[in-house]
Amino acid sequence: MRVLIYGGSFNPPHLGHIRSVRTAIAALEPDLTLLIPAAIPPHKQLAAETPAQDDRFHMTGLAAGQIPGCETSDIELGRQGPSYTSDTLRQMHERYPAAELVFLMGTDMLLTIESWHEPQTIMALSSLAVFARETGREGEIEAQAAHLREAYGATVFVLEGEPVTVSSTQIRALLPKRQGREYLPDSVYGYIIRRRLYGARPDLDWLRERAYAYLKPTRVEHVRGAEAMARALARRWGADESDAAEAAILHDCTKKYDRDGQLRICEKYGIIPDKWELENDRLLHARTGAAFAADEFGAPEHIASAIRWHTTGRPGMTLLEKIVFLADAIEESRRPYPALETIRRTAFEDLDAALELCLRRTLVFLQEQGEPIHPNTARTREYYLKKLEEKGASPVEWAAQDQ
Ligand code: ATP
């Protein structure tokens, strides 16, 4: 029996790790392959933004799921102190006494193995397999393999294959910039985004694809329009354009659900609908959308709140809340309604005036339809009317032809 063992921080596990394991499995045909995340790596300090052990273990399991015959072991996470490979191999030897153990590693590890804790024990208990992290170091690897064979009687397999030149450190630096997805298995990337590990913000192409799956096909055009308008407003008013896009992409993510669906989501997230929301369940999608976006896509507070308030508004809205509220109301594919053109123009001249006008128009429309009016809408309109007065500005009238 041959057991292939791959230890590391897996912080996070990436396609370099996966390529390495796949190559080793193809070359060495082990009966069992184990990925073993280290609790405390002896050779390096875990980065400050390292998530909880459970998260690293879970991500390692997701990565192992990409490779047939590969499993994850928590043997090092359960141990106190530095996670020495020699201790792990001793435990593995006890567990599989008749097995040949093969310890897989990258170039950096092979070149430094003599400085590890108990290198003789490591090389006595297991064979080594090395898969290069980058091209051009074949000579160094071969020389080190020959040295280890000679000096320690080690068995060293030098694996051949195209490397994936990336490290977890590089990926951690890319994730907050909405980059790095191409180096990660999709399941690991989805988990990182959902939990916003490493300060990650989603790649917007990835988010669109996932978020649009929750929309009725007829709503996609509106959401695309809202994103374009939110971006334009963010540029105009100095907000983070990609955050505005993210909020707009997600703003209607629960819109397709009917009353029963909305109430089920409310129950799941502990949302207690008020009497206006119960009377008019279309109001609920803003609240359920915010909770769903936070749970499913890890939307942080400032983005969730822009989704939360995009239907009624609220007094004292943040810049992002205003942008998403208005983008939803004035995006290019909106069917024309009275004052639309005036609100569009005003949104690029004075945000508060545009909000006041948009809310005033909504109040008039709801009154005409005899629909219940949520007090937040009226309250928000009053708040922004007062702000205009304080600035000495008059509310904007819309032109008669803007009908
Ligand atoms: P960090 O950047 O946080 O130091 P890392 O990318 O080096 O992390 P680890 O999880 O610490 O990854 O490494 C585990 C094992 O995987 C080590 O043996 C390492 O040499 C190997 N390894 C890491 N990246 C690659 C890669 N791109 N190709 C091949 N092997 C790799």
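Since we're looking at a predicted model, the values are computed, not measured. Atoms within each ligand, like the ligands themselves, are counted from 1 in listed order. If you read the sequence from its start, that first residue is 1, and numbering goes on from there.
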If you measure every N or O of Phe131 against every N or O of ligand 1, does any of those distances drop under 3.5 Å? no
Any N/O of Met105 closer than 3.5 Å to an N/O of ligand 1? no
| query | In terms of side-chain geometry, is the basic nitrogen of Lys391 or Glu356 positioned less than 4.0 Å from the acidic oxygen of its partner? | reply | no
If you scan protein heavy atoms around atom 13 (O) of ligand 1, the nearest is His17 NE2, 3.5 Å
| request: Could you tell me if any non-hydrogen atom of Asn11 lies under 4.0 Å from any atom of ligand 1? | output: no
**Message:** If only side-chain N and O atoms count, and only distance matters, is there a donor-acceptor pair under 3.5 Å linking Glu331 with His222?
**Reply:** yes
Contact region, Lys44 to ligand 1, non-hydrogen atoms below 4.0 Å, reads side chain
Looking at ligand 1, does any of its N/O atoms fall within less than 3.5 Å of an N/O of Gly7?
no
Does the side chain of Asn376 reach to within under 4.5 Å of the side chain of Thr311, using non-hydrogen atoms?
no
Short version for Asp108: what comes under 4.0 Å of ligand 1, heavy atoms counted, is side chain
Below the 3.5 angstrom mark, is there an N/O of Gly106, backbone or side chain, next to an N/O of ligand 1?
yes
> Would you call Arg231-Glu227 a salt bridge at under 4.0 Å N-O?
Replying inline: yes
Within 4.0 Å of some non-hydrogen atom of Tyr6, the atoms of ligand 1 are 15 (C), 16 (O), 21 (C), 22 (N), 30 (N), 31 (C)
**Prompt:** Quick one: do Asp205 and Arg181 make a salt bridge, cutoff under 4.0 Å?
**Reply:** no
The option among Ile171, Leu110, Val164 carrying the non-hydrogen atom nearest to atom 26 (C) of ligand 1 is Val164
Would you call Arg178 and Asp243 a salt bridge, using N to O less than 4.0 angstrom? yes
Short side-chain to backbone donor-acceptor contact, Arg344 and Ile330, under 3.5 Å:
yes
Using the six-membered ring of Tyr383, assess whether NZ or CZ of Arg379 lies under 6.0 Å from its centre and within 45 degrees of the ring axis. no
Q. Going by heavy atoms, is His14 under 4.0 Å from ligand 1?
A. yes
field: Ser9 heavy atom under 4.0 Å from ligand 1
entry: yes
Numbered in order shown, the ligand 1 atoms found under 4.0 Å of a heavy atom of Gly8 are 10 (O), 14 (C)
Going by the 4.0 angstrom heavy-atom rule, the piece of Arg172 near ligand 1 is side chain
A student comparing Gln45, Met109, Arg133 should find that the heavy atom closest to atom 17 (C) of ligand 1 comes from Met109
Atoms of ligand 1 under 4.0 Å from any heavy atom of Ser168, numbered from 1 in the order shown, are 1 (P), 2 (O), 3 (O), 5 (P), 6 (O), 8 (O), 12 (O)
Assess Arg210 against Phe297: is NZ or CZ under 6.0 Å from the centre of the six-membered ring, and within 45 degrees of the ring's axis?
no
Looking at Asp54 and Arg195, does any basic side-chain N land under 4.0 Å from a carboxylate oxygen? no
Numbered in order shown, the ligand 1 atoms found under 4.0 Å of a heavy atom of Thr169 are 1 (P), 2 (O), 3 (O), 4 (O)
